[in-house]
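Chain A is the first sequence line, chain B the second, and so forth, proteins listed ahead of strands; every chain is numbered from 1. Hydrogens, waters and symmetry mates are skipped; everything else that's a heavy atom, side chains included, is used.
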There are 2 protein chains.
Amino acid sequence: MKVTINDVAAMAGVSIKTVSRVINNEPSVRPATRKKVMDAVAALNYQPNLAARNLAGTRSYTIAFIYDNPNAYYVIDMQNGILEACKARGYELLIHPSNSKSASVHDELKNLVEHSKIAGLVLTPPFSETQAVIDTVKSLNVDYVRIVSAAAAHDDEENCIQVDDSAAAYDITQHLLGLGHKRIGFLCGGEEHVSTHGRLDGYRRALEDAGLPVEESLILKGEYSFDSGVTGAKKLLQSDNPPTAIFASNDEMAAGALFAARLMHFEIPEQLSIVGFEDSPFSRQTWPKLTTAHQPNNEIAKCAAALVLSKARGKSAAENGKASKEAGIQREFTPTLVVRDSSGPAPK
Amino acid sequence: MKVTINDVAAMAGVSIKTVSRVINNEPSVRPATRKKVMDAVAALNYQPNLAARNLAGTRSYTIAFIYDNPNAYYVIDMQNGILEACKARGYELLIHPSNSKSASVHDELKNLVEHSKIAGLVLTPPFSETQAVIDTVKSLNVDYVRIVSAAAAHDDEENCIQVDDSAAAYDITQHLLGLGHKRIGFLCGGEEHVSTHGRLDGYRRALEDAGLPVEESLILKGEYSFDSGVTGAKKLLQSDNPPTAIFASNDEMAAGALFAARLMHFEIPEQLSIVGFEDSPFSRQTWPKLTTAHQPNNEIAKCAAALVLSKARGKSAAENGKASKEAGIQREFTPTLVVRDSSGPAPK
DNA sequence: ACGGAAAATGACAGCGTTGTCATACCGAAG
DNA sequence: CTTCGGTATGACAACGCTGTCATTTTCCGT
């Protein structure tokens with residue numbers, strides 16, 4: 001019925017141990033033998049039994065994805081990316097939704113790692129940026145990769161995949177500047193997200209580099225939510241001297257801003273430009289479609305998973321090509337500007 | 001380091017087999033013995049090793065969640081529900097995104113089931129409603145539960161969790177009727193979704209029961225998308241005799257309809273009522289917030305997982321309380337009306 | 001108090017793989 | 001042609017648990 005290592009060994013005319021060596025890429029197998037085995041593997045469509053591997057071996061074949069993000073689009077994208085990386089390398093994925101603010105994270109993670117024989121952890125924001133979580137993970141002596149906004153990498157770059165929010169925000173702001181906008185409103189995301197600060201920073205730098213003053217009254221605190229976008233935009237647009245463009249810290253807020261602007265009878269983009277960030281499906285579900293920065297979450301997640309897997313493998317047996325393996329993995333991402341219909345030349 | 005069944009056995013002063021019996025809830029263990037073992041389990045915080053269980057036993061401790069749905073909110077809700085059910089019973093979840101339209105679904109599923117020793121499958125629409133998929137799954141001789149719109153259960157009720165779209169749509173329509181609306185536009189979802197037909201059916205029945213004519217010109221084909229909502233609403237509202245209310249087949253379309261209506265300067269809900277379906281986060285990200293039908297996806301998924309697990313268990317050893325176990329699981333859900341701000345009395 | 005059936009318990013073999021260690025083999029040097 | 005040093009290969013135990021079946025204990029009727 002189910003094909004095991006024994007079947008392969010029999011067909012190839014070698015011992016099961018040799019088959020094991022081949023499928024694990026261990027040295028000390030003559031090329032001719034290796035080929036015989038690989039042919040048999042292919043012929044029988046053999047796939048090693050994960051349970052047996054986990055049980056017998058010292059290493060693990062499952063990694064865990066820990067998330068704590070209310071944004072379903074984000075989570076799904078990430079998850080799919082990780083899944084791809086796992087599948088490609090024959091690993092299993094353990095999904096673990098959690099709560100970075102809960103007091104029991106420490107115990108929860110500890111329990112997870114110690115009981116489930118896990119090869120590594122992939123963490124996404126805000127989980128990945130919470131100090132208590134980072135401390136716990138480090139103390140657990142387990143491989144991990146944190147997907148974080150660049151500033152949150154601190155002195156832990158080797159375990160981070162960084163997203164350069166600041167650079168992307170800089171690009172977006174520059175786009176607006178290039179369209180002739182001089183007064184650009186900025187709607188901040190939640191304080192607790194590192195990305196919030198990165199995006200604001202990019203906005204500031206772009207203005208400064210363009211020799212324009214940063215008007216603090218145009219920068220409004222907020223949350224990464226639709227309502228927050230509505231409120232913020234209203235406030236900006238009702239002021240005596242409203243901006244000609246609004247940079248919302250994410251697409252959801254931008255959708256809210258768009259909505260508020262419409263209610264106030266602004267023509268978009270003729271009288272007012274609005275841009276978002278993230279390129280979530282939100283940005284295509286507005287009218288007009290949003291100019292935004294595309295963040296390749298799927299790709300980011302794939303790299304994060306690949307990185308954690310290469311770490312886990314590096315530690316085991318071979319130990320040889322470790323450095324070279326990690327080398328091929330992209331570790332910094334800068335979301336790229338996507339110009340759609342919500343931004344246009346500044347009105348006279 | 002890691003506590004095994006041996007440690008528990010030693011502490012309780014019994015054989016490992018007895019411990020095994022206790023943790024698997026098998027009969028033929030004296031209450032006193034059972035207690036000793038359970039105390040030891042608790043004291044040591046023992047958790048059976050899944051890999052070993054999977055390897056040794058005939059039964060499996062992992063179920064698979066197969067989805068093929070572009071709606072991230074939907075998928076995440078479902079996934080979380082399934083995860084809860086799994087965790088509660090010590091099962092593992094294998095996530096398997098797929099494509100119901102792909103020609104290779106058959107091989108893909110076959111491979112999944114045969115290689116991964118899986119206790120059962122949970123399928124969501126549109127995957128769960130695709131005939132080719134259903135046939136494949138049945139031929140695979142594996143336990144499964146399909147989450148489907150009621151009409152898609154056919155003669156396979158014992159393996160379905162049904163969502164009564166028709167009844168819910170009936171309720172929504174009745175709500176509108178109760179507000180005095182006589183002419184209600186209806187925006188259909190995609191043809192390929194069974195839910196589309198169920199929702200339309202509910203709308204029709206409600207009108208008929210109220211003794212009102214069903215005007216075919218008020219029923220527009222569409223897709224479950226924002227743009228489709230925009231287009232449909234425009235068409236309805238530009239007609240000579242526009243309806244006083246619009247029933248959009250899901251929240252995303254309703255958001256689109258709302259948008260179009262606003263552009264055309266309709267006051268909502270004073271001049272026009274708009275309702276959605278699903279109660280997705282969308283419905284709270286519009287202004288005004290949408291009246292809709294709440295579909296408890298998390299709960300539905302939990303029941304689906306519980307059902308598939310009880311099936312899988314039923315087949316094993318005990319075979320006793322099978323019927324009683326399944327009995328407690330809810331298998332039909334009717335989304336419930338949630339009245340928010342987008343619906344109001346019909347204008348004079 | 002005793003036999004016998006049923007209930008409770010345990011010994012042991014395997015599940016499919018990896019790790020350890022012993023053995024067989026190979027080519028080069030003497 | 002033999003020996004040496006390493007490389008290639010295999011035998012076997014072990015991973016933590018469950019299934020099978022033998023054994024012990026319990027409890028009942030007499």
When the distance from CG of A/Leu50 to C1' of D/dC15 is rounded to whole Å, what number comes out? 15 Å
Starting from P on D/dG19, measure out to CD on B/Glu26 and report it in whole angstrom. 7 Å
If we ignore angles and hydrogens, is there a donor and acceptor under 3.5 Å between the side chains of B/Gln79 and A/Gln79? yes
Between residues 5-20 of chain A and DNA chain D, which residues have a heavy-atom gap below 4.0 Å? A/Val14, A/Ser15, A/Lys17, A/Thr18
Using whole Å, report how far CZ of A/Arg59 lies from C1' of C/dT17. 12 Å
Is there a side-chain contact between A/Ser28 and the phosphate of D/dA8, meaning an N or O under 4.0 Å from OP1 or OP2? yes
Check A/Asn54 against A/Arg59 and note the closest heavy-atom contact, atom names and distance. OD1-O, 4.3 Å
Contact string for nucleotides 23-28 of chain D, one letter per nucleotide 5' to 3', B = base within protein heavy-atom range under 4.0 Å, S = sugar-phosphate only, - = neither, reads ---S--
5' precedence on DNA chain C between B/Arg34 and B/Ala52 (nearest-nucleotide basis): B/Arg34
Quick check on C/dT17: is either OP1 or OP2 less than 4.0 Å from any side-chain nitrogen or oxygen of A/Tyr46? yes
Nearest 0.5 angstrom please: A/Asn99 CG to A/Asp68 CG, how far? 5.5 Å
Under 4.0 angstrom between A/Thr4 side-chain N/O and C/dC15 OP1 or OP2: no
Checking C/dT17, D/dT18, C/dT18 against the side chain of B/Asn24 (C-beta onward), the nearest is D/dT18
Take atom CG of B/Asn49 and atom P of D/dA14, then tell me their distance rounded to the nearest Å. 18 Å
Out of C/dG16, C/dG10, D/dT9, which has the shortest distance to the side chain of B/Arg21? C/dG10
Of all the heavy-atom pairs spanning B/Ile76 and A/Ala72, show the shortest one and how long it is. CG1-CB, 3.9 Å
For C/dG19, does OP1 or OP2 lie under 4.0 Å from any side-chain N or O of A/Thr58? yes
